[in-house]
> 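Quick one: the structure is below, and I'll ask about it shortly.
Because the structure is predicted, anything quoted here is derived from the model rather than measured. Atoms considered below: every heavy atom in the structure, side chains included; atoms not considered: hydrogens, waters and symmetry mates.
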Amino acid sequence: MAKKNIFTDAFGTPYFLKRFIIFILGVVSYRRFNGFNKLKITGTEHLVDLPDSNVLFVSNHQTYFADVAAMYHAFCAVNNGYLNTIKNPIYLLNPKIDFYYVAAEETMNKGILPKIFKIAGAVTVKRTWRAAGKNVNRMVDMSEVDNIMKALDNGWVATFPQGTTAAFAQGRRGTAKLIKNQRPIVIPIKINGFRRAFDKKGLRVKVTGVKPTMEFKAPLDIDYDTENAQQILVKIMTAIEQTEDFNVLHNYDEELKAKKLEQKDSDN
């Protein structure tokens with residue numbers, strides 16, 4: 001495990017700068033989660049006794065930035081003893097600074113605000129299957145994997161195993177392989193309503209009066225000695241409710257197809 005520095009984070013960013021940025025972003029985004037819309041947070045009691053490092057949060061993904069901003073609010077609140085609530089924003093004065101999140105490199109390099117978000121704790125990676133709106137097929141950059149492991153050695157990390165904001169997209173095995181090798185505590189997060197409340201980037205309020213939800217679940221029970229990456233991935237996708245079993249529209253479409261086939265057979 002890498003030795004922690006009391007002045008900078010795992011990637012050399014001064015803590016005073018991170019504190020300032022998290023505070024400003026928290027103040028700017030606060031009314032989005034406790035004003036225009038009311039974010040409901042549950043399950044943060046699972047975070048209270050977690051170690052300071054080697055904790056990986058796996059979540060579904062609905063917007064580029066609002067999801068992560070809400071996590072910052074939740075983690076900062078828990079860091080100051082507030083469970084399942086963000087009603088007292090005084091927690092922003094003492095933020096959770098050793099928190100990192102995995103983000104697509106091309107997303108974090110577009111515009112000033114994403115670059116500010118990046119300083120707050122982004123660990124950027126290049127997608128191996130998608131770039132600039134086109135399908136690609138490239139090798140994993142092992143230096144990026146090393147950066148994620150460095151972040152885990154120094155704090156908490158959030159990642160989005162689907163690698164996209166599309167609902168019910170397949171999970172990527174890279175996350176499961178990392179978990180198999182690093183053996184972190186894995187906390188699933190299920191979010192909902194962010195896509196309806198915010199635009200795709202998560203920077204603009206699209207609809208007010210929405211009650212987005214963020215549910216922190218109990219740590220996954222993983223047998224690192226016997227379970228392979230695919231088995232771990234299935235556990236992750238089930239925990240964040242992104243398998244087809246949770247896709248109500250998919251089930252409805254399948255039932256509709258079955259009824260049409262039955263009707264066709266009866267007509268014949």
> Heavy atoms only: give me the nearest N34-Y30 pair and the separation to one decimal.
ND2-OH, 2.7 Å
> When the ring centroid of Y15 is compared with that of F7, is the distance short of 6.0 Å?
no
> Please determine whether a side-chain nitrogen of the Lys or Arg among K150 and E144 lies less than 4.0 Å from a carboxylate oxygen of the Asp or Glu.
no
> Working to the nearest 0.5 Å, report the span between CG of N5 and CG of N154.
9.5 Å
> Given M214, which of M71, K190, K40 fulfils the side-chain contact (heavy atoms from CB on, under 4.5 Å) condition?
M71
> Taking D98's backbone N and O only, do any of them form a donor-acceptor pair with K18's side chain (distance below 3.5 Å, no angle check)?
no
> Grab the two heavy atoms, one from T226 and one from Q231, that are nearest each other, plus how far apart they are.
O-OE1, 3.9 Å
> Taking the six-membered ring for Trp and the single ring otherwise, decide whether the centroids of F198 and F36 are under 6.0 Å apart.
no
> Is the Y100-W156 ring centre distance short of 6.0 angstrom?
no
> Mind checking whether E215 and T213 have side chains closer than 4.5 Å, heavy atoms only?
no
> Rounded to the nearest 0.5 Å, what separates atom CD1 in I22 from atom CG in L93?
12.5 Å
> With heavy-atom distances below 4.5 Å as the criterion, would you say the side chains of T107 and F65 are in contact?
yes
> Check the orientation of F57 and F216. Use parallel for under 30°, tilted for 30 to 60°, and perpendicular for over 60°.
perpendicular
> Would you call the rings of F99 and Y72 parallel, tilted or perpendicular, where under 30° means parallel and over 60° means perpendicular?
perpendicular
> Just wondering, are more than 12 heavy atoms of other shown residues or ligands nearer than 6.0 Å to CG in D146?
yes
> Give a yes or no on this: more than 12 heavy atoms of other residues, nucleotides or ligands lie within 6.0 Å of atom CG of D223.
yes
> Can you name the nearest heavy-atom pair linking H46 to K217, along with the distance?
CD2-C, 3.5 Å
> Nearest 0.5 Å please: distance from the CG atom of L56 over to the OG1 atom of T175.
7.5 Å
> Do E227 and K180 sit within salt-bridge range, that is, some charged N less than 4.0 Å from a carboxylate O?
no
> If you look at every heavy atom in M108 and P114, which pair is closest and at what distance?
CE-O, 3.2 Å
> Between CD1 of I97 and CG of L17, what distance do you get to the nearest 0.5 Å?
11.5 Å
> Could you tell me the separation between the CG atom of N80 and the NZ atom of K96, rounded to the nearest 0.5 Å?
11.0 Å
